[in-house]
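To start, the structure itself, in structure tokens.
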Amino acid sequence: MSSTCEGGSSWEILVPSEVQFDVSQMEEIVEPMALIVAKMVDEAAFRIICRTSSERLALSQHHPLLQLLEMGLLNSFPDHQIYNEMGMWENVKSLFWEMVEEFVVDPSSVTLVRMITACTRSGDLDSGKLVHRYIEENGFPVCLTLENALMNMYAKSGEMGEARRLYNQMSDPDVVSSTTLVSGYASSGLVELACEVFDSMPTRNTVAWNAMLSAYVLNGHFEGAISLFKEMLILDVQTDEATIVTILSACSRSENLLIGQVIHGYVCKVPIFKTRELLHSLIGLYSKCGVMEAAELLFQKMDVKNEVSWTLMMEGYVRTGRKEVALEIFHNMPSKDLASWNALITVLVQYNFFNEALVIFVEMQRIKVSPNCITLVSTLSACAGARALDLGKWIHAFIKRNDIVMDSTLCSALIDMYAKCGCIELSLEVFESMQSKDLVWSTIIGGLAMHGHSKLALEYFEQMTDCGVVPDSIAFIGVLSACSHAGLIEEGKHYFHLMTEVYGISPTSEHCGCMVDLFARQGLLREAKDFIDGIYISSNGVAIWGALLGACSIYGNVELAEYAARNLLMIDPTNAGAYVLLSNVYAKASQWSDVRKVRNTMKEQRIDKIPGCSSIEVNGVAHEFFVGDASHPQCEEIYMMLNRLEKMLQNHVINS
DNA sequence: CTAGGGTTAG
């Protein structure tokens, strides 16, 4: 058995000294190189690699000398072959089995490492485990590199227990072993464990620091990432492109423009190569923070743009409200991939351009671009926002027809779409059909609350915790709004306490808005104000003051209404609703001069009351109705029906 | 030969 761990490669012997690795000579030496590769590889079976170009490519990825030639090699192949990475790994795997089973050659440790890497990259844990068992059964010695490769395979497949077991068995783990663990824990969401391993490392290189940085960023600990980066600078750790890309991603995701700009300055001063990826992360930062002038400047400077470059700019323009510019970029992009379509639909939905998002989806169908799960999730939330029930149902049917895997995000989007479109029964149907409900409880609770099924929403919440699922922030929004709609004061207080004290979730302005609404709707204005006084309200606290102001206008409390309106307008000076409600309170109290003052201020500030508008989709056609609107062709019938419904409701209230 | 990076997701 040839089973020793090879040290250096035998390239020096195999490569003729007259062969110069000059890029200009690439074409001429590709063929000889392929032959050398065949000779160098000690297994007979690998000779077949030289038969086709894609097989040659497969091997080239694993040889340092051929990697040098990669540019030239790749240039001689058509694009689709280069990017068919999956096919390449499949080639490596089938060659391996051919070698050990048909040619009965013992693989060297280098070959085993390549095989394990092929399994890891193609996400084929089953084959990997088979090879692992094959190694153990044949008693092949396992060198450090092979141990690391095996650990990495388990880590990448989320089997951190097995990865850790291998690590603990190692006699002499190195910086690669620990870094593999750090990034494995990071992708499993176990930042604390990643931290622990990182802290225990005797030596750390740039890759190790980058892995820890990325551990923070992947799990949303942007502040942690920023302070780790500072530590790198203080300790004078070498930074590289990957460091910058990672830290910039932390800045843009937390919209920390200031630190991002500092890093932009740093990049300009230190010798770091401004790769396209690095420029993308800078553009991404400015686009996310709405500084389109800076993004545009960098974008213009790029010599080679790709789909990502165009997509980042497009997103930025939607975010800054210039969606026409964004659409123009989109339509003029030299090439777009699925991610570009998804990015546009998603960002349009995020900024409430639901109908525009649906138009893009329809366009996508027309030119036959196949949507993926992400497309469908975003489009379903566009349907929810636009109340486009028919299209939502069509997507549901599309999912069934194409056997698309219903993962929890997709189910959640369906449940939410049906709930928002008024079909809570269909929401429940999707919910009940799921095997694992762990990640969709919050959505169904929110849907039930929205439909006024408060008691049921609370029952589902209890079921959720009975199943051992830990409720998240979203679940509590549903629960608290259910309490507020049903006037369940004590229950509301109980759940708020449960959320903050037992589950340690810090309340957002939405939770607080629900609480204020809970008290204020019942006329407990004092309690509502006390609640507000006890919390910190950030710049997105419009819902909190709005809830208080709304209740004040119902109960006619002038003093408190003024207080609420003042605070609301401090956050959002152009909030038309605040002015209207305030003037209603004054009118109720017959303070006509104050009513006039408010109206005049609105005129001076050019604040227009946005007319209330409802819309409904019937047979795929959206119908819009404004306040006092009489323009609909069936207006008379609609109002007759409305009156009948109103009478029915009044009778219902009297009877119950 | 093995470890780290960018756009899309309620």
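Remember, it's a predicted structure, so these values are computed and weren't measured experimentally. So that the names make sense, note that chain A is the first sequence line, chain B the second, and so on, each numbered from 1.
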Exercise for review: Spell out yes or no: do the side chain of A:Asp240 and the base of B:dG4 have one donor N/O and one acceptor N/O closer than 3.5 Å?
Suggested key: yes

Review point. For A:Gln238, does the CD atom sit with more than 12 other heavy atoms under 6.0 Å from it, leaving out its own atoms?
Key: no

How close or far is atom [atom2] of [N] from atom [atom1] of [X], stated in whole angstroms?
X	N	atom1	atom2	result
A:Met212	B:dG5	CE	P	13 Å
A:Lys288	B:dG6	NZ	P	14 Å
A:Met160	B:dA3	CE	P	14 Å
A:Arg204	B:dG4	CZ	C1'	15 Å
A:Glu277	B:dG5	CD	C1'	8 Å
A:Asn205	B:dT2	CG	C1'	12 Å
A:Asn148	B:dA3	CG	P	9 Å
A:Leu285	B:dG5	CG	C1'	16 Å

Exercise for review: Run the ring-centre check on A:Phe330 versus A:Trp341 and record whether the distance is less than 6.0 Å.
Suggested key: yes

**Study point:** Any pair counted as salt bridge (charged side-chain N to carboxylate O under 4.0 Å, His left out), so long as it reaches residues 302-320 of chain A, sequence neighbours left out
**Key:** A:Glu315-A:Arg319

Study note, to complete from the structure: So ring pair (Phe, Tyr, Trp, His ring centres under 6.0 Å) across residues 270-289 of chain A, not counting sequence neighbours, yields A:His264-A:Tyr286

Check your understanding: To the side chain of A:Thr179, which of B:dG6, B:dA3, B:dC1 is closest?
Key -> B:dA3

Check your understanding: Can you tell which of B:dT2, B:dG6, B:dG4 lies closest to the side chain of A:Arg121?
Key -> B:dT2

Check your understanding: Does B:dG5 have OP1 or OP2 sitting under 4.0 Å from an N or O in the side chain of A:Ser214?
Key -> yes

Review point. Is A:Asn152 near enough to B:dA3 that one of its side-chain N or O atoms lies under 4.0 angstrom from OP1 or OP2?
Key: yes

Exercise for review: Indicate, with a heavy-atom threshold strictly under 4.0 Å, whether A:Lys156 touches base, sugar-phosphate, or nothing.
Suggested key: sugar-phosphate

Practice item. For A:Asp174, report the nucleic acid contact type (base, sugar-phosphate, nothing); a contact means any heavy atom under 4.0 Å. Key: nothing

Run the side-chain donor-acceptor check on residues 146-153 of chain A: report pairs under 3.5 Å with partners two or more places apart or on a different chain.
{"residue": "A:Asn148", "atom": "OD1", "partner": "A:Ser177", "partner atom": "OG", "Å": "2.7"}
{"residue": "A:Asn148", "atom": "ND2", "partner": "A:Asp174", "partner atom": "OD1", "Å": "3.3"}
{"residue": "A:Asn152", "atom": "OD1", "partner": "A:Lys156", "partner atom": "NZ", "Å": "2.9"}

Practice item. Under the salt bridge (charged side-chain N to carboxylate O under 4.0 Å, His left out) rule, collect the residues that match up with A:Lys323, sequence neighbours excluded. Key: A:Glu356

Pairwise N/O distances under 3.5 Å, protein to nucleotides 7-10 of chain B:
{"residue": "B:dA9", "atom": "OP1", "partner": "A:Gln350", "partner atom": "NE2", "Å": "3.4"}

Exercise for review: List in chain and number order the residues that pass ring pair (Phe, Tyr, Trp, His ring centres under 6.0 Å) with A:Tyr351, two or more places apart in sequence or in another chain; answer none if no residue qualifies.
Suggested key: none

